[in-house]
Amino acid sequence: MEDQGVTPPDGVAGTQQVRLGRRSFLKLGSLGGTAAVLAACSAPPAPPTVVPPTTAPAPTAPQVPTPVAAAEPVTAPLVSDVLPYPRLKIATLSDLQKGVFSTAYPDQFSPVQVLKLGAKTVGGVGPDEDIVAYSGLCTHMGCPVTYNPATRVFMCPCHYSHFDAATDAMLISGPATQHLPRVVLEVEGQDIYAVGVQGLIYGRPHNLSLTEL
Amino acid sequence: MPVHRPADRVPLPPTTAEKFQTVCHYCIVGCGYHVYKWPEGQAGGLRPEENALGVDYTQPVAPLKAGWIAPAHHAVITERDGRRFNIAIVPDQECVVNKGHHSGRGGTLGSSLYRPDGPTNTRLTHPLVYRATDQVTTTWDDALDLTARVIYGSIQRDGNDSIFMKIFDHGGGGGGFENNWAVGKFFFDAVQTVNCSIHNRPAYNSEVHASRDMGVPELNFACVDAELTDTMVLWGCNSYETQTNLYLVHMLPNLQGATVKDKEAARPGELVGPGRIIVIDPRRTATVVVSEQAAGKDRVLHLQLKPGTDIALANALARIIYERKWHDSDFLANRVEAETVQPFLDQSLQIDKSLDEVLTETERITGLSRTQLEQAASWIAETKADGSRPRTMFFYEKGIIWGLKNYQNVGSIVNLALLTGNFGKPGTGCGRLGGHQEGYVRPGYPGPRPAPYIDDLLSQGQGNVFYVVGCNPAVTTLNAQRMRETLQTRGKLVRDALDANFAADNSTRAQAVLDAISRGGLFIIVQDIYPTQTANVAHVVFPAAAWGESPITSINGERRLRLYEQFMDPPGIAEPDWKIFGMLAQRIKALAQADGNAELTRRFSGFEWQTAEEVFLEGGESFAEGVKASTERYKGVDYAFLKAAGNNGIQTPVTIVNGKPQGRVRYFENGEPFYTDSGKAKMLPTSWPGFPAVLQAQIDKYPYFLTNGRNNNWQTFYNDLRIPFHAERAPMPFIEISPEDAQKEGLKPGDIVQLYNDYGEATAYTVVSTSVKPGVIFMLFAHPRSTANSLTTPYVDPEVIIPYYKGSAVGLRKLGRLEDLDARLTYYPTNFETVA
Ligand code: SF4
Ligand code: FES
C-alpha cells in the first residue's frame, strides 16, 4: 500500500496559534487535584516527537514511585461532569481544498486532522456535511498518525494501527484500543470551530490536562 | 455518533493505590501487566510524586513511553460486599516480554472486568439447574448434589467411560496449573474415563505429537531469539494480529535492523545484519503487509501457497537445501539418529527423483514458482559470505496444526530445522507459536493413542454425561452443526425427564436423568464464565471465576512462569474451577461413602483443597525428574518465589541447583540431548497426502475453497462481545473474497452472504480483499454469531485425531444488506490493503 502520508508539522499547529483563555479549573481540579491542574501551567512541555519504533522503550528504572510521603488522594467526581472545552477556530473552509488540514485542539500538544471526506457523513459539518476532525495521535502509544486522502485511512507508523476516516475513524486493525478521538466541530460562515473532543487523547488523563489556565 | 468512544478522562491511581503483578491472560505471548486498585472517588495528581505510576502528567506522555492509562485499561468494579474500586491495568515496562507494550486484546483487559453495571454483567454469577422449561438459579449444594448423583449413578451403572468431557488444558484465563491439576485429578484419578477431549479438538491428544516424537519439545526458544536470528519462517501464523507483541516487540525490531548490535554481541565473529522474514500462508495477511512496510519488500518473502499443500512445500525446500549442500552435515551426523535419515531422504526428499522432477511436481501442487522455492531455501540455509551458517527460526501455528495433515505437517517443518541444525544456539529454534498460554500439569491420561474421537461417539449416541468446561464446542468444534444437533436432540430427552419431575428431590431427579440417558439422552454440564451457546443447552451450569478473581500460574510461549495475582472478587458466588471440582468430588465421595462403595470413596478422596497454592504445589509434586521431565516442570517453586520473581518470573523447566530454582532460556544448548531414548533427534518421513475423500467430495461439489483464521480478537469473543470497542468492530463474522470472485458474485463490501456445504451453513458480511486468491474464501474463525466451523468436515488426521479445521469447500448465496452497519463498520480488510 502506498500511503501518501500527511504528517502534522512537529505536533504543533503550524502557524495556527491556539490560545485558550483562563478557564475555571474547579471541575478539572476536582479530577486531577487542584494542585495538579495548577502544575500543568508550569514549564511548557516539549512537543511530541516521532520516535521510530525500533528505539521503543528500553527497560529503564522501575516507574514505581520512590517512597516519598504518600500524597493525600483527592476526591474525584463522577465522570458525568462535562469538561469546559474551549470553542476555538481551528480552520476555514478554504483550508480544506486538499481534503485535509493539520491543526491542533484543545492545545498545541494535541495535533488534529480536519478532513473533508467528499461524502456526507454522520456528524459531518459544512455545506456538504462532510467535514470531520480527529485527534492526530495514535491511541496505542501516541505516535502521530498519517492520513492518506485517497483511501481515507489513517496509519500509525509505529505499530501500524490503521483507522478508517470514512467510518468515524474506527480501528481497522492494530494494537490500539480506542478509535481516534473525534473533535466536535461547528461551522460559522467560512470558519470551522472545534468545541469538544469525544474519547481520550493519548498521553493525558483528561483532555484539558495541558490547557493553559 | 456511530462509533463508540469512551469518556474523555480516566482517574490516575493515587500513590496509595494497591499494586498487583499479573500477566495478560489472553495469548501465548504472555505480556506482563500491573494492576492498580483504589477506591472509587479518589484520584492521584498530575505530578509524578502524586500518582502511583510515577508519571509526569504535567506534560503529555511521550510517544512509545509506557505510562499512559488508556480508557480501556480502566474500569470501576464492585466487590461482593458492594464496595467500589477503580482498577487500572497497565503494561509493565520492566517485563522483558512486552517492554511496556500492549495489544488490542491486552489493552482492553480493564474493559473486560466484571461490572454489575456494565456490559460484562452477563457473567454467570450463580449455579443454574434446568428444572421445568428453564434454567433457574440455585445454590451450590443443590446444583452439586444433582450433578454428583448423576455422575455417581452413571459410573455405577455404565462404567467410568460413560463420562465424557471437553475441557481446557491451557494456561492463562480459564486455565493455569491450579485448574489443570484439578481437572486431571478429577477425570483421570477419580472418574478414570478415557472419553476426554481438549477444549478445541475432539480427542485427548497433543497438537504437536510429531515434534515430541522426534525428540523436540515444541517450546524450545525464547522471545529474544526472534531478535537474534537471521531468517524468521512464519508458517501458518499471522503473528501481527495473533501473537502481537512477539511480533511488534521482538520480530519487528529485528526486521528493521534495530537488533544488529545485539546480534553482534550474541554471535561474535559472525556476519550479521537486519533480519528477513518468510511468511507461508494462503492469505496475504497483515503480517505480510506490515513486514513489507517495515523492512522493505526485499527482506520479506510471502509464499502464498495453495491451501493444504504445506508438506509438499516443506519437502521441496528440504530437497533444494540438501541438493545445494546447505544442510548441516555435522549436526545430522552427531545429533540425529542415523537410521531415520534415509527414510526421510527417500520419502520426504524423493531422492530417487531428479530435483527438476520434484520441483515441477511441487510447483503444480503448491502453485508456487521455482524462483520462490529457490529463494526461500536460500534465505533459510545458504551459507553466508563469511562462510558461517545462517541462523533460522521456524515458527508454526494453526495453519500447520489445523492444516492437512497435522502429524506430517508439523514433522516436515521440524525436519527442516534438524536438516539445517537450527537448535541450541541464540537465534535458532523450531516450535509452535501458540494460541493460549500453557499450564499443563495432570496425572497421566488413561486412554490410548490415538485417543477416542469423542465428537463422533457423542453423535452416535454414546456417553451418558458430557462435562464441558471453559470452552464452547457448539461454536468451536469441527463440524459444529452436528455437535449442536447432538446436544439439542440428546439433551432434550434429559430436559423432558426433568420437566416431568420438577417437584421431585434430587435423588428422584437423578434417577429420571439416568433413565432418560438409557433412552439416548445426554446430561450436559457446563462450567464457564459466560452463558455460552453450549451453556444454553446445559442441564447444570456452574459459574467459574475468571482471571484476576483467583490466583493462577501459567507459562508463556518461552516457558516463562509467572504468578497472576487475584485483585478482585469473582461475581456472585462464582468459584475457581479447582474449587468447583473439589466440591463436586467431595459430594461424590459422600455418596460413595453412604453407599458403602470403598473404591469410589478412595478415588474421590483428596479434594479438600483450601487455597490455589495448595493445588499448585500438589501438581508440582507429580513432575518427573531428568531428561523426560516435561516443559512445564516447576517442582521446587512456590507462590512466594514467583511473587519475588515478578513479571519476568522463571523459564521452565525448573531445576533446583544448590537449593535454588533455576530456569533456562532455550533448549539443546551445550549438547543437551534431544528428548528420545537415544538422546538424538529423529527425522520423520513425510509425504504430501492429497485431500481426504470427504473433503475432495466438497471440493468437487462447491465452487470455493474455504479457509479461516483469527483477527485481533480473542477466541470465541466471549469477552470481546462485551467490550464495546471490540464488539462494534466485529459484530458478526466476515469473509474475505477476491475482487474477481466478488464481481462474479455481484458482491459489494458489506453484503451479507450465506456460505453452505453438505455439513452446515454460516452467515457473514463481505470484505473484498486481495488477501485471498480467486477461488479461495477466508472466514473469520469462531465467531459465536455464526461459526465457520459449521462448515468444516468431520475429517481428522487419523494418526492423532486433530481436525483439518483450515480446509473446506462452500457455495455462496447473497442475502442483501444490514443497512445499519454501513455507517458504523469499516469494510476494509484487516491487512489494510484497500481495493480500488
Ligand atoms: S500480545 Fe498477547 S499476551 Fe500480550 S497483551 Fe496482547 S493478547 Fe495479551
Ligand atoms: S503507537 Fe503503536 S500503533 Fe500507533
Side-chain angles (χ1 to χ4, degrees), chain A residues 1 31-33 35-36 39-40 42 45 48 50-51 53-54 56-57 59 62-65 68 70-71 73-76 79 83 109 122-123 139 141-143 151 153 158-160 162 164 167-168 170-173 175-179 181-182 197-200 202-207 209-210, chain B residues 1-3 5-12 14-16 41-43 45-47 49-50 52-54 57-68 70-72 93-94 99-100 102-104 107-108 241 244 248 252-253 256 258 286 290 712 725 729 823-826 828 830 832-834:
Chain A
M1 183 167 55
L31 191 122
S42 54
V50 190
V51 186
T54 51
Q63 286 254 325
V64 292
V68 294
V74 294
T75 304
V79 290
L83 293 178
F109 310 109
V122 181
T139 52
M141 297 178 81
C143 296
T151 58
V153 169
C158 286
H159 312 107
Y160 302 93
H162 285 58
D164 182 356
T167 47
D168 210 7
M170 170 175 259
L171 179 76
I172 299 170
S173 189
T177 59
Q178 193 191 163
H179 310 308
R182 174 129 182 198
V197 180
Q198 295 169 330
L200 182 61
Y202 172 82
R204 39 185 89 197
H206 63 80
N207 284 341
S209 62
L210 300 173
Chain B
M1 284 299 139
V3 159
R5 286 192 173 76
D8 52 5
R9 71 201 83 173
V10 288
L12 296 173
T15 55
T16 49
Q42 294 182 6
L46 299 184
R47 289 181 186 280
E49 66 276 13
E50 293 172 340
L53 299 163
Y57 272 105
T58 64
Q59 311 186 22
V61 178
L64 304 177
K65 274 282 186 205
W68 180 54
Q93 227 170 335
E94 307 305 309
K99 303 176 185 173
H102 66 78
S103 70
T108 52
E241 286 181 275
T244 306
L248 289 178
L252 191 67
Q256 292 170 318
V290 167
N712 261 333
F725 169 75
R729 180 66 188 90
R824 56 189 178 86
L825 181 59
T826 179
Y828 278 152
T830 59
F832 316 121
E833 292 192 317
T834 54

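Nearest approach of A62(B) to Y202(A), heavy atoms of both residues: O-OH, 2.9 Å. Annotation for C158(A) and L252(B): closest pair O-CD2, 4.2 Å, computed over non-hydrogen atoms. The two residues F109(A) and P60(B) have their closest heavy-atom pair at CB-CG, 4.0 Å. Scanning all heavy atoms of the two residues, the minimum distance from L46(B) to S209(A) falls at CD1-O, 4.1 Å. Annotation for P63(B) and C143(A): closest pair CB-N, 4.0 Å, computed over non-hydrogen atoms.
Between the R729(B) side chain and the L171(A) main chain, a donor and an acceptor come within less than 3.5 Å of each other. W68(B) places a side-chain N or O within donor-acceptor distance of the main-chain N or O of R204(A), the cut-off being under 3.5 Å.
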As a quick check of understanding, evaluate side chain to side chain contact (heavy atoms under 4.5 Å, CB included) for L200(A) and V10(B), giving each step before the final call.
CA-CA 8 Å; L200(A) 182 61; V10(B) 288; 4.0 Å; yes

Decide yes or no on side chain to side chain contact (heavy atoms under 4.5 Å, CB included) for T167(A) and R824(B), but give the supporting numbers first.
CA-CA 6 Å; T167(A) 47; R824(B) 56 189 178 86; over 6 Å; no

Could you walk me through whether R5(B) and R182(A) satisfy the side chain to side chain contact (heavy atoms under 4.5 Å, CB included) test, starting with their C-alpha distance in whole Å, then the side-chain angles of each, then the deciding distance to 0.1 Å, before giving a yes or no?
CA-CA 8 Å; R5(B) 286 192 173 76; R182(A) 174 129 182 198; 3.5 Å; yes

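When each of N207(A), V197(A), T177(A) is checked for heavy-atom pairs under 4.5 Å with chain B, T177(A) comes out on top.
Aromatic ring pairs are classed by plane angle as parallel below 30°, tilted from 30° to 60° and perpendicular above 60°; the pair F725(B) and H179(A) is tilted.
Partners of P6(B) under the side chain to side chain contact (heavy atoms under 4.5 Å, CB included) rule, at least two apart in sequence or in another chain, are Q178(A), H4(B), P71(B). Every residue meeting the side chain to side chain contact (heavy atoms under 4.5 Å, CB included) condition with Y828(B), not counting sequence neighbours, appears here in chain and number order: T151(A), V153(A), D164(A), I172(A), T826(B), T834(B).
There is no contact between A286(B) and chain A, counting heavy-atom distances below 4.5 Å.
Here the CG atom belonging to D8(B) is positioned 9.0 Å from the CD atom belonging to Q198(A), to the nearest 0.5 angstrom. Atoms CZ and OG, on F832(B) and S173(A) in that order, are 4.5 Å from each other to the nearest 0.5 Å.
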